[in-house]
Amino acid sequence: MSEVKARTELLRLGMELARHDRLYHAEDAPEITDAAYDALRRRYNDVAAAFPGLVGADDPAAKVGAAPGGGFAKIRHGVPMLSLDNAFGPEDFTEFCARIRRFLGLDEAALGFVAEPKIDGLSISLTYEHGRFVQGATRGDGTEGEDVTANLRTLKDLPLRLKGEAPARIEIRGEVFMTKADFLAMNAAQESAGEKMFANPRNAAAGGLRQLDARITATRPLSLFAYAMGEASGPVAETHWEYLERLRAWGFTVNPLSRRIADAAAFQAEVGAARAGLAYDIDGVVYKLDDLALQRRLGFVGRAPRWAIAWKFPAEQATTVLEGIDIQLGRTGALTPVARLVPVNVGGVLVRNATLHNADEIARKDIRIGDTVIIQRAGDVIPQVVGPVEGAPRGAAAYVFPAVCPACGSAAVRAPGEVVMRCTGGLACPAQVEERLIHFVSRGAFDIEGLGEKTIREFHEEGLIGGPADIFSRLPLLEAEIAVREGWGALSARNLVAAIAQRRGIGLARFIFALGIRRIGEANAKLLARHYGSYANWRAQMAAAVVIGSEARSDLGSILGIGPAIAEELAEFFAEPRNVAALDALAAELTIADAEARGGGELTGKSVVFTGTLETLTRPEAKAMAEKMGARVTDSVSKKTDLVVVGADAGSKARKAVELGVRVLSEAEWRALAGGGGGG
Ligand code: IVH
């Protein structure tokens, strides 16, 4: 679907949804079936997820349960969301049953239990009114959670309306989680986009659900199992098992392994054996007394019910010998130490490699090659090295983490405050260049028609292109060879060469973005382009900014929205001669247009600094006003500053402006200027 089509579609669906919401909620006169409503809502979510830029936060159909001050609104749970007591073996379970019998005054009577795998995700509470999903909250501290209604609406497993009869108001609880396969695929995608990666499916699910923007949640593969009851305005079931059946009938997914059991130990063993092969992580089995009347009599003690227990699996551990440490290179240049092990069976899975996380972890645990180590598979899919086995013979020497990239020899560095070592040879590193090339030709970058991910991979693997410059210097010469490749022809080869020729001219912002430097996304590339104006100037200033403490470096770091951390990424890129060589080779093939100053505003090209406390404007507001008029907003005052706007309690920057003879405006004067210039 094109962006234009998506925009119309979202507008149409948004209006339609708003109308049906009003008919349903305010007028009690729905015109369409629940299924038709759900289909509309899903269609809206799908389009919104595919074109996240098109949905405004104020779009009624995309309403987010956010508090006015940012973050999520708080919701008090009608019934607290509690935790469970744990059992670690059959004795604990027997004691749990004995406690129930003592409490209820039952002697030998058999107790009926329902067993459910204990999903390692995060629990949520879902409120339905007249069968319609109206509110969803995280567990929070158990008493008060966060309103994640809009986010939950995007989950494929969440029925927006309950099928069939339901009490007027009912609260249902369950677990949001991510399958192991979805987790691995999502992490791979996050990595190639240079985005945050998650340690395990649980963290990934929590991160996905707790997004302030529901459109991001919609792109995360979250799943949901329903398993418990909160408040209900009317009777629902007499046993927990009946309750689970009602959940299924309403349209929820109930874990298919759940069942009434007679022998807990046997069920524990059965699920334990199946555990490694399940699609999702579990850390035990929850046993719940089936009879709800008995559950009510038993009630709670402390923060846990007397009628349920979580029987945990033992952590899956084994010992083996650490044969070596390999450095694995991620597609964004992260150097991850991986343990090469004498293969060992850990809970049914043969483990040959395990993560050592990072250099700090290796040092902290003093892990040496040759050590006998403990390996563990916990909630994490990837096995980990816990540490050396105490008392076993030790490897000889402490491990020294490499200072250069094993793939290209570029310097490996570690950003302050980060634990990850990264290769700085972005454009020159064979392990990264394929991803860089794919980014390079992508939509917001060079956007070369006919040169998509698949073609790039093929061309790179077969040696047609080694770096971005080769797209321009070599591919046009290979037209005849490309024409005879499988899936190509004379016409498509000619079209490709023409598309390449067309992109020899490019704007500075796109060019900078295309380089794929860490943290330089489209927005930052625009800031840089606007600040430096021309490629030649940018290139020269970046080369100078490599020197810490240089004027160029502090100028770079003071661009509003850039800051020292991003400045450092740029400096690292330019400090690596391999990158600079690749950059120069590329630039030689191109005509890079100067950044256009923003549309004719009266401050076009001017540099503005805000200082002190503004009373009628927030900083982002003031900045947006200035940028709308074509100005650049920077953080520090220098000779090059054109205008300084001083709020209350302005200090050194205001003094410096006066000293340098820079024009100074009060907040009111600024408003007058901006008001006239169409700011806000
Ligand atoms: S019932 C009062 N059932 O375990 C009983 N919990 O340690 C409330 N969990 O916060 C929970 N699978 O996040 C229940 N089938 C299941 C579960 C389950 C996972 C989690 C849930 C809860 C935690 C309690």
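One-based numbering, in listed order, for ligands and for the atoms of each. What you see is a predicted model; the values in this text were computed from it and never measured.
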Counting heavy atoms under 4.0 Å, the part of Met81 that contacts ligand 1 is neither
Without hydrogens or angle criteria, can the side chains of Gln268 and Tyr287 be said to hold a donor-acceptor pair below 3.5 Å?
-> yes
Does a salt bridge link Arg368 with Glu323, judged by any charged N lying under 4.0 Å from a carboxylate O?
-> no
Polar side chain donor-acceptor pair, Glu171 to Ser125, under 3.5 angstrom | yes
Where's the contact between Pro305 and ligand 1, heavy-atom distance under 4.0 Å: side chain, backbone, both or neither?
-> side chain
Among non-hydrogen protein atoms, atom 3 (N) of ligand 1 lies closest to Lys288 NZ, 3.0 Å
Ligand 1 contacted by Pro117 (non-hydrogen, < 4.0 Å) = yes
Which residue owns the protein heavy atom closest to atom 5 (C) of ligand 1, what's the atom, and how far is it?
-> Leu84 CD2, 3.7 Å
Do Glu245 and His240 get their side chains close enough for a donor-acceptor pair, meaning under 3.5 Å?
-> no
Under the side-chain contact (heavy atoms from CB on, under 4.5 Å) criterion, do Asp263 and Phe267 qualify, and how do the steps go?
-> CA-CA 6 Å; Asp263 183 344; Phe267 189 79; over 6 Å; no
Please say whether Glu175 places an N or O atom under 3.5 Å from an N or O atom belonging to ligand 1.
-> yes
Within less than 4.0 angstrom of ligand 1, does Arg173 place any heavy atom?
-> no
If you have a sec, work out which protein heavy atom is nearest atom 10 (O) of ligand 1 and how many Å separate them, to one decimal?
-> Arg139 NH1, 2.8 Å
Counting from 1 in the order shown, the ligand 1 atoms closer than 4.0 Å to a non-hydrogen atom of Glu116 are 3 (N), 15 (N), 16 (C)
Sorted by first residue and then second, give each salt bridge (charged side-chain N to carboxylate O under 4.0 Å, His left out) pair with at least one member in residues 95-106; sequence neighbours left out.
-> Glu95-Arg102
Taking the six-membered ring where the residue is Trp, are the ring centres of Phe313 and Phe88 under 6.0 Å apart?
-> no
Which of these, Phe300, Tyr287, Tyr227, has its nearest heavy atom closest to atom 6 (N) of ligand 1?
-> Tyr227
Select the closest option to atom 8 (C) of ligand 1 among Val286, Leu82, Ile124, Leu122, judged by heavy-atom distance.
-> Leu82
Output the list of atoms in ligand 1 that are nearer than 4.0 Å to some heavy atom of Ile119, sorted by atom number.
-> 12 (N), 19 (C)
Salt bridge (Lys or Arg N to Asp or Glu O under 4.0 Å) with Arg220: which residues, sequence neighbours excluded?
-> none
